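Convention: sequence-line order gives letters A, B, ...; per-chain numbering from 1. As the structure is a prediction and not an experimental result, all values here were calculated from the model.
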Protein chains: 2
Amino acid sequence: MTSRLEALCMEKGLKMTGQRRVISQVLSEADDHPDVEEVHRRAVQIDPRISIATVYRTMRLLEDAQVIERVDLGDGRARYEEATADHHHHLIDTRTGRIIEFASPELEAMKERIAHELGYKIVGHRLEIYGVPLDDAADCARDEEERP
Amino acid sequence: MTSRLEALCMEKGLKMTGQRRVISQVLSEADDHPDVEEVHRRAVQIDPRISIATVYRTMRLLEDAQVIERVDLGDGRARYEEATADHHHHLIDTRTGRIIEFASPELEAMKERIAHELGYKIVGHRLEIYGVPLDDAADCARDEEERP
DNA sequence: GTACTTGCAAACGTTTTGCGTGAAG
DNA sequence: CTTCACGCAAAACGTTTGCAAGTAC
């Protein structure tokens with residue numbers, strides 16, 4: 001089967017090998033923000049001959065082709081998500097590590113305005129919010145709950 | 001002489017040794033965002049017996065005590081600045097690497113509102129804008145077009 | 001043949017750590 | 001004495017790369 005990302009890669013003129021197809025499939029099926037090791041772990045379950053070096057090389061390839069985007073969530077390793085047309089940001093639940101994506105046109109506009117006032121044109125930006133659930137913030141007794 | 005940061009450290013009950021005093025002095029005098037190697041370079045000029053390991057250890061100590069703040073500017077190493085009461089962010093000039101600090105109460109409010117709507121209480125956040133000077137932006141666009 | 005991709009292991013740059021020495025109370 | 005800080009070198013970490021072998025055309 002051809003994955004969504006594989007189709008995108010071919011549109012961009014990338015040569016699709018077996019390994020690249022598997023990695024594309026893994027990334028297509030991911031609805032989280034896996035790091036390279038996690039992508040490798042999942043890829044190996046489909047084809048055990050894939051090395052971590054190939055995953056690193058392929059991730060860079062896909063990033064350069066703007067098929068995926070690197071997300072730096074401040075945990076010291078690169079995480080990835082599919083590239084999207086609309087800009088969005090991440091709210092990271094510091095209790096569970098869960099990542100919530102959000103977008104805000106108002107915020108985009110404000111950030112554009114701030115840069116302009118400083119005499120700059122934006123070429124990129126990054127916003128991350130770290131938070132705890134409002135429910136838990138009041139009631140901290142329930143730390144050891146099961147993860148969904 | 002007692003530096004600003006050294007006084008702060010003592011308030012927090014940190015034991016101040018010769019090395020820590022020198023590092024505090026270096027950080028007090030810095031008006032940029034030095035990385036650990038840079039701090040070490042400057043510290044060694046005051047006292048050549050300071051090792052990089054001590055700088056790393058002291059930076060973490062000061063960070064934990066909230067005397068300094070780690071800033072991740074996406075260049076793969078940790079940079080630092082004095083901790084401030086007011087939240088501010090960074091605009092990074094991608095041409096020169098120059099870092100401009102800015103604050104926006106409106107932005108703080110909006111970000112607070114967004115988190116609340118998602119059911120979260122903010123415990124931290126980070127915004128970085130990467131940009132090019134408006135004057136150069138025209139040249140930049142032309143360069144891009146000329147490329148094949 | 002050429003041109004590219006892969007796996008492996010070694011190297012890389014940043015950061016941490018184990019350990020023996022040293023300084024301070 | 002005990003306790004903590006230090007310097008050094010080695011290790012750990014995520015990532016990149018040199019190289020020889022493999023694949024596709």
Donor-acceptor check, side chain of R20(A) to backbone of K15(A), threshold 3.5 angstrom: yes or no? yes
What residues form a ring pair (Phe, Tyr, Trp, His ring centres under 6.0 Å) with H125(A), not counting sequence neighbours? H87(A), H89(A)
Basic-acidic side-chain contact under 4.0 Å: D32(A), R42(A): yes
What pairs with H116(A) under ring pair (Phe, Tyr, Trp, His ring centres under 6.0 Å), at least two apart in sequence or on another chain? none
Can you check the D64(A) CG to dT16(D) P distance for me, whole Å? 10 Å
Non-neighbouring partners of E69(B) that pass side-chain hydrogen bond (donor to acceptor under 3.5 Å, both in side chains), sequence neighbours left out: none
Looking at E6(B) and R4(B), is any side-chain nitrogen of the basic one under 4.0 Å from a carboxylate oxygen of the acidic one? no
Return a single string for nucleotides 17-25 of chain D, one symbol per nucleotide in 5' to 3' order, where B is base contact, S is sugar-phosphate-only contact and - is none, cutoff 4.0 angstrom on heavy atoms. BB-------
Using a cut-off of 4.0 Å on non-hydrogen atoms, how would the nucleic acid contact of I50(B) be classed: base, sugar-phosphate, or nothing? sugar-phosphate
Calculate the interatomic distance between R79(A) atom CZ and dT15(D) atom P; express it in whole Å. 10 Å
How many Å lie between CD1 on I52(B) and C1' on dT17(C), as a whole number? 15 Å
Mind running a 4.0 Å heavy-atom check of residues 16-34 of chain B against DNA chain D and sending the residues that fall below it, in number order? T17(B), Q19(B), R20(B)
Checking E11(B) now: which residues fulfil salt bridge (Lys or Arg N to Asp or Glu O under 4.0 Å) with it, not counting sequence neighbours? none
Within this structure, what is the CG-to-C1' distance between D72(A) and dT15(D), rounded to whole angstrom? 14 Å
Nearest whole angstrom, please: distance from the P of dT15(C) to the CG of D35(B). 7 Å
Using whole Å, what does the distance between atom C1' of nucleotide dT16(D) and atom CE of M59(A) come to? 15 Å
Integer-rounded Å distance: dA23(C) C1' and D47(B) CG: 14 Å
Any idea which of dC8(C), dT14(C), dC6(D) is nearest the T54(B) side chain? dC6(D)
Spacing between R70(B) atom CZ and dT16(C) atom C1', to the nearest angstrom: 12 Å
Cationic N near anionic O, under 4.0 Å, R79(B) to E81(B): no
Side-chain ion pair, R60(A) and E63(A), N-O less than 4.0 Å: no
